[in-house]
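Step one of this worksheet: look at the structure below.
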Amino acid sequence: MKIIKEGMTFSEILDELKSGMCVRRAAWHCNKFIVKQNDADIPNSVVPNMQSLPQEAKKLIRTKNLEYRNQCLMCTILETTIKATNYVPNWNDIFADDWMVVENEF
């Protein structure tokens, strides 16, 4: 990952996330970064085909559209894939001043 900006606070990286940039902390392993997912509106006709939802959730949602809003992912780069999990900052992350904006070097 190539560093674009560094030495940032959590409040400074919020605008970067909103604009679609990837961010990480210097304290983390270099194979991790955070990204804000794009807000999305999923029509109820698509819900039955979603791999990310269990069948029971699909039954509850089936007559409604699904709205994704303000979700962030922590992505971990592995040898053959990228593992994405939900990210919620902890107090150490919120008060840190070692945030950086990163991009792919290739």
Side-chain angles (χ1 to χ4, degrees):
M1 281 183 269
K2 180 180 175 184
I3 299 169
I4 305 301
K5 296 181 192 175
E6 58 186 324
M8 301 174 73
T9 64
F10 188 77
S11 62
E12 291 172 318
I13 63 125
L14 291 177
D15 285 334
E16 300 291 346
L17 285 169
K18 289 177 187 176
S19 72
M21 300 303 291
C22 298
V23 301
R24 65 178 313 280
R25 289 196 51 209
W28 294 347
H29 296 288
C30 63
N31 64 336
K32 292 184 179 187
F33 64 91
I34 304 295
V35 64
K36 180 187 175 296
Q37 289 185 278
N38 294 327
D39 292 344
D41 298 315
I42 312 300
N44 64 350
S45 61
V46 173
V47 170
N49 298 320
M50 293 179 67
Q51 293 179 320
S52 59
L53 291 175
Q55 283 303 117
E56 292 305 311
K58 291 177 187 180
K59 289 178 189 177
L60 290 171
I61 297 169
R62 72 177 182 264
T63 61
K64 306 285 183 188
N65 295 333
L66 183 60
E67 296 180 1
Y68 283 100
R69 298 289 183 269
N70 299 318
Q71 295 187 109
C72 287
L73 294 177
M74 175 178 276
C75 298
T76 304
I77 303 168
L78 304 172
E79 192 170 316
T80 59
T81 189
I82 294 180
K83 180 177 81 173
T85 58
N86 182 50
Y87 172 73
V88 177
N90 62 35
W91 288 111
N92 291 328
D93 292 341
I94 291 169
F95 290 112
D97 59 3
D98 67 343
W99 285 97
M100 56 183 74
V101 177
V102 295
E103 70 179 13
N104 195 332
E105 296 179 79
F106 306 107

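Remember, it's a predicted structure, so these values are computed and weren't measured experimentally.
A side-chain donor-acceptor contact under 3.5 Å links Arg69 to the backbone of Ala40. Looking only at distances, a side-chain donor or acceptor of Asn65 sits under 3.5 Å from a matching main-chain atom of Asn44. Arg25 contributes no side-chain N or O that, together with a main-chain N or O of Asp98, makes up a donor-acceptor pair within less than 3.5 Å. Under the 3.5 Å distance criterion, the side-chain polar atoms of Trp99 are matched with a main-chain donor or acceptor of Asp93. Put simply, the side chain of Asn31 gets close to the backbone of Ile77: a donor and an acceptor are under 3.5 Å apart.
Surrounding CG of Asp39 are more than 12 heavy atoms belonging to other residues, nucleotides or ligands, all under 6.0 Å away.
A 4.5 Å side-chain heavy-atom check between Met1 and Met100 finds every atom pair outside the cut-off. Looking only at side-chain heavy atoms (C-beta outward), Leu53 and Leu66 come within less than 4.5 Å of each other. Counting heavy atoms from C-beta outward, Asn70 and Lys36 have side chains that approach closer than 4.5 Å. Using a 4.5 Å heavy-atom cutoff, the side chains of Lys32 and Tyr87 are not in contact.
Distance check: Glu103 CD to Ile3 CD1 gives 11.0 Å after rounding to the nearest 0.5 Å. Rounded to the nearest 0.5 angstrom, Phe33 CZ and Ile82 CD1 are separated by 5.0 Å. Note that NZ of Lys58 and CD of Gln55 are 4.5 Å apart. Values are rounded to the nearest 0.5 Å. Rounding to the nearest 0.5 angstrom, the gap separating the SG atom in Cys22 from the CD1 atom in Ile13 is 11.0 Å. Considering CG of Asp97 and CD of Glu12, their distance stands at 9.0 Å, rounded to 0.5 Å. With rounding to the nearest 0.5 angstrom, the CD1 atom of Ile4 is 6.0 Å from the CE atom of Met21.
Clustering ILVMFWY residues whenever any of their side-chain heavy atoms sit less than 4.5 angstrom apart, transitively, puts Trp28 in the very cluster that holds Met8. There is no path of hydrophobic side-chain contacts, each under 4.5 Å, that joins Leu73 to Leu78. If you chain together hydrophobic residues whose side chains sit under 4.5 Å apart, Ile94 and Ile34 fall into the same group. The hydrophobic cluster containing Val23 does not contain Val88, counting ILVMFWY residues as joined when their side-chain heavy atoms lie under 4.5 angstrom apart, directly or transitively. Residue Met74 is grouped with residue Phe10 when hydrophobic side chains (ILVMFWY) are merged at heavy-atom distances under 4.5 angstrom, including chains of intermediate members.
Minimum interatomic distance between Ser52 and Pro54 (heavy atoms only, all atoms of both residues): O-CD, 4.0 Å. Closest of all the heavy-atom pairs between Ser19 and Glu16 is OG-O, 2.9 Å.
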